[in-house]
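Position 1 is the first residue of the sequence, and the numbers go up from there.
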Amino acid sequence: ATDGDAEAAVRRVVGTHVRLAASSGLLTSLGGAATLVVTAPAGITGLYLLGTRLAAAVAHLHGRDLDHPVTRTAALICVLGGDGVELAERTGLDLVNASLLSGLRRLPTEVREQLDTRIGYRLTSRFTRRGALNLTKLIPVVAGPIGAGADAMAMRTVATFAQAHL
């Protein structure tokens, strides 16, 4: 496959995942306060799963080995977006002078595993930081389009980071 074919495939995958995220955001936001206890965790889990799948698909289409731990760490950093880049830089990666993948390859295994742990903690803590968005989900039906837009934007952010770093 040519580079043009791969980039066209990446654009299709991104478009599909953005639509999936918007659909999920719409459906998990429609119920209002009555369903928020169930739909909020389901929505954020679904969004993270879609984001991880999107980052992995972009990596695969760019010829990366998905079984390699460095590629997996890079995909999770893309899911976190700016927070992931901040974590990587605090771990000692110089992303100004090196790409994310080459920087991760140079890290000792123990340090990369510590980064993986920090990524897991950050993914978990982000759920509670989305509180303001969850407040809009208290209003039945009206919250649907807000959830769809927010989740679509979040997926676009993952796509932007994945295309730039993978």
With side chains defined as the heavy atoms from C-beta onward, is the minimum distance between Arg72 and Asp116 less than 4.5 Å? no
Would you find more than 12 non-hydrogen atoms of other residues, nucleotides or ligands less than 6.0 Å from His60 atom NE2? no
Quick check: closest heavy atoms across Leu66 and Ala59, and the distance to 0.1 Å? CD2-CB, 3.9 Å
Please confirm whether the backbone N or O of Leu20 pairs with a side-chain atom of Ser24, one donor and one acceptor, at under 3.5 Å? no
Interatomic spacing from CG in Leu101 to NE2 in His165 - rounded to 0.5 Å: 9.5 Å
If you look at every heavy atom in Asp151 and Ala21, which pair is closest and at what distance? CB-O, 3.4 Å
Single-linkage hydrophobic cluster, 4.5 Å side-chain cutoff, Leu27 and Val18 together: no
Enter the distance from Gln114:CD to Ile119:CD1 here, rounded to the nearest 0.5 Å. 12.0 Å
Spell out, yes or no, whether Val58 and Leu49 are grouped together once hydrophobic residues are joined by side-chain heavy atoms under 4.5 Å, including indirect joins. no
Hey, is the main chain of Val70 close enough, under 3.5 Å, to the side chain of His68 for a donor-acceptor pair? yes
Is there a continuous path of hydrophobic side-chain contacts, each under 4.5 Å between heavy atoms, that joins Val38 to Leu47? no
Rounded at 0.5 Å granularity, tell me how far CZ in Arg90 sits from CG in Leu115. 10.5 Å
Spacing of Leu93 atom CG and Arg106 atom CZ [to the nearest 0.5 Å]: 8.5 Å
How far does CG of Asp83 sit from CZ of Arg118, to the nearest 0.5 angstrom? 14.0 Å
Do you know which two heavy atoms are closest between Ala152 and Ala22, and how far apart they sit? CB-CB, 4.0 Å
If I compare all heavy atoms of Pro145 with all of Leu26, which pair ends up nearest, and what's the gap? N-CD1, 3.8 Å
Would you sort out whether Arg11 and Glu7 count as a salt bridge (Lys or Arg N to Asp or Glu O under 4.0 Å), showing the intermediate values? CA-CA 6 Å; Arg11 283 191 301 277; Glu7 289 309 310; 5.3 Å; no
For Asp65 and Thr71, test the side chains for any donor-to-acceptor distance below 3.5 angstrom and give the result as yes or no. no
Which is it for Leu107 and Thr73 under the side-chain contact (heavy atoms from CB on, under 4.5 Å) test, yes or no, and what are the steps along the way? CA-CA 12 Å; Leu107 284 180; Thr73 299; over 6 Å; no
Shortest non-hydrogen contact from Gly84 toward Leu80: N-CB, 3.4 Å
Shortest non-hydrogen pair, Gly82 vs Phe161, comes out as N-CZ, 3.4 Å
I need the full list of side-chain hydrogen bond (donor to acceptor under 3.5 Å, both in side chains) pairs touching residues 155-164, with sequence neighbours left out, sorted by first then second residue. none
Can you tell me how far CZ of Arg53 sits from OG1 of Thr16, rounded to the nearest 0.5 angstrom? 8.5 Å
Is the shortest heavy-atom distance from the side chain of Glu113 to the side chain of Thr109 under 4.5 Å? yes
